[in-house]
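So the structure is just underneath, and the comments pick up after that.
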Number of protein chains: 2
Amino acid sequence: MEAVPQAVPLPLAFADGVFPAGCPSRTLLDHITSKWGVLILIALSEGEQRWSDLRRRAEGISEKMLAQTLKTLERDGLIRRNAQPVIPPRVDYSLTERGYELSGLLVPLVAWAFENAEDIINGSR
Amino acid sequence: MEAVPQAVPLPLAFADGVFPAGCPSRTLLDHITSKWGVLILIALSEGEQRWSDLRRRAEGISEKMLAQTLKTLERDGLIRRNAQPVIPPRVDYSLTERGYELSGLLVPLVAWAFENAEDIINGSR
DNA sequence: CCACCAGCTTACCTAAAAGTCAGTACCTTA
DNA sequence: TAAGGTACTGACTTTTAGGTAAGCTGGTGG
C-alpha cells in the first residue's frame with residue numbers, strides 16, 4: 001500500500017450537505033444504518049424472502065424489531081411487502097428499485113466490515 | 001430504469017457471514033454506522049482536521065460525543081490522532097490507510113442518502 | 001376439540017446511547 | 001486582573017433503541 005492521501009479524490013458535494021443538523025439525510029441515514037436495517041437490506045439483496053426467513057437470517061432479531069425495521073424501510077420505499085391471502089399467511093419482502101440501488105452501496109461496505117472486523121476488534125493491529 | 005432484479009449479482013460471501021449474532025463484524029458495523037461515526041469519517045475524508053473543525057463540521061455533536069467517537073475510531077485503527085504540544089493545544093485528526101479504504105465505501109453511500117433523502121423522508125414518493 | 005402454523009401487535013421494562021453542563025490546564029490578549 | 005481560546009474529562013440526566021413475553025387470527029392436522 002502506498003502513502004495515505006490527505007484529501008479524498010471523490011466528487012464531494014457535502015460542502016453544506018449532510019452535516020447540518022435536522023437535514024433529512026440524517027434521518028434516512030439513521031434508518032439504513034440502524035442495527036437491524038443494514039442486515040435486513042443485505043439479506044434482501046440476495047432476493048425475495050419471507051418473514052420467517054428474515055427472522056432466521058438476521059440472527060438475534062426479535063419479532064418486534066423485525067416488524068418495526070421492515071415498516072420503516074417500507075415507508076422509505078426501500079422494500080416492498082407482498083402479502084398473500086393464504087392460510088397460513090405468507091408475506092414476501094423484496095427490495096424496490098431504490099432499495100436495490102442502495103444495497104449496491106451497502107453490500108461492499110458490509111463485506112469490507114466482515115473482512116476487517118476480526119483484525120480490528122480483536123486486536124492484532 | 002429497468003426491471004428490478006430479484007437476486008443481487010454482487011459476489012457475496014455472507015452465507016454464514018455478518019448474520020451470526022456476536023460476530024465481530026456486528027460490533028465494527030455498530031461503530032462505523034453510529035450516529036456520529038459516519039459523519040466524522042466523511043468529514044475526515046476531506047482531509048486532516050482539528051478538533052474544533054470537526055466540532056463545527058458535524059453540526060450538533062456535543063464535545064462528549066465527539067471525544068467518544070474519535071476514541072472509538074482511533075481504537076479501531078481508522079483514524080489517527082496527532083497532538084502537538086503547543087499552547088493553546090492543537091490536535092489534528094486524519095484517516096489511516098484503513099480509514100481511507102473505508103471512507104471510499106462510505107462516501108458514495110452518504111452521497112446517495114443525501115440525494116434521496118428529501119424525496120424519501122418528506123413524502124413525494 | 002385442541003394445538004399449531006405464520007405473521008404480526010401490544011404493553012411493559014431495561015440498557016445503552018446521547019445530551020447537559022461544569023470544570024481543568026495553560027498561555028495570550030485586552 | 002480578568003476573560004478567552006483549545007481540547008478535553010466526568011457526573012448526572014434524559015431519550016431512545018431494543019428486549020421479553022403475551023395475545024390474536026383463522027384454517028388445518030391429530
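Below, chain A is the first sequence line, B the second, and so on; all start at residue 1.
The side chain of B/Arg50 places an N or O atom within less than 4.0 Å of a non-bridging phosphate oxygen (OP1 or OP2) of D/dA7. Close to C/dA17, at under 4.0 Å from its OP1 or OP2, lies no side-chain N or O of B/Ser34. For D/dG5, neither phosphate oxygen OP1 nor OP2 lies less than 4.0 angstrom from any side-chain nitrogen or oxygen of B/Ser52. A sub-4.0 Å separation between OP1 or OP2 of C/dG19 and a side-chain N or O of B/Lys35 is present. Neither OP1 nor OP2 of C/dC5 sits under 4.0 Å from any side-chain N or O of A/Trp51.
The nearest whole Å value for the distance from the CE atom in A/Met65 to the C1' atom in C/dC12 is 16 Å. Spacing between atom CG of B/Asp92 and atom C1' of D/dT6 amounts to 12 Å, rounded to whole angstrom units. When the P atom of D/dA17 is taken as reference, atom CG of A/Asp30 falls 8 Å away, rounded to whole Å.
Under 4.0 Å is where a charged nitrogen must lie from a carboxylate oxygen, and between B/Asp53 and B/Arg56 at least one such pair does.
When each of D/dA22, D/dA7, D/dG18 is scored by its nearest atom to the side-chain atoms of A/Glu63, the top-ranked nucleotide is D/dA22. Out of C/dG7, C/dT9, D/dG27, the shortest distance to the side chain of A/Lys71 is found at C/dT9. Listed nucleotides D/dT6, C/dC27, D/dG19 differ in distance to B/Pro88; the shortest reach to its side chain belongs to D/dT6.
Nearest-nucleotide mapping onto DNA chain D: of A/Pro89 and A/Lys64, the residue sitting toward the 5' end is A/Lys64.
Counting only heavy atoms from C-beta outward, the side chains of A/Leu41 and A/Ile79 approach each other to under 4.5 Å. B/Arg98 is not listed as a side-chain neighbour of B/Asp76, based on a closest heavy-atom distance of 4.5 Å or more.
Using a 4.0 Å heavy-atom criterion, one finds that A/Ser62 contacts the bases of the nucleic acid, with or without backbone contacts as well. Backbone-only contact: A/Arg90 has heavy atoms under 4.0 Å from sugar-phosphate atoms and none from a base.
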Task: From CA spacing to verdict: side-chain contact (heavy atoms from CB on, under 4.5 Å), A/Ile40, A/Leu66 - done: CA-CA 9 Å; A/Ile40 298 295; A/Leu66 179 54; 3.6 Å; yes

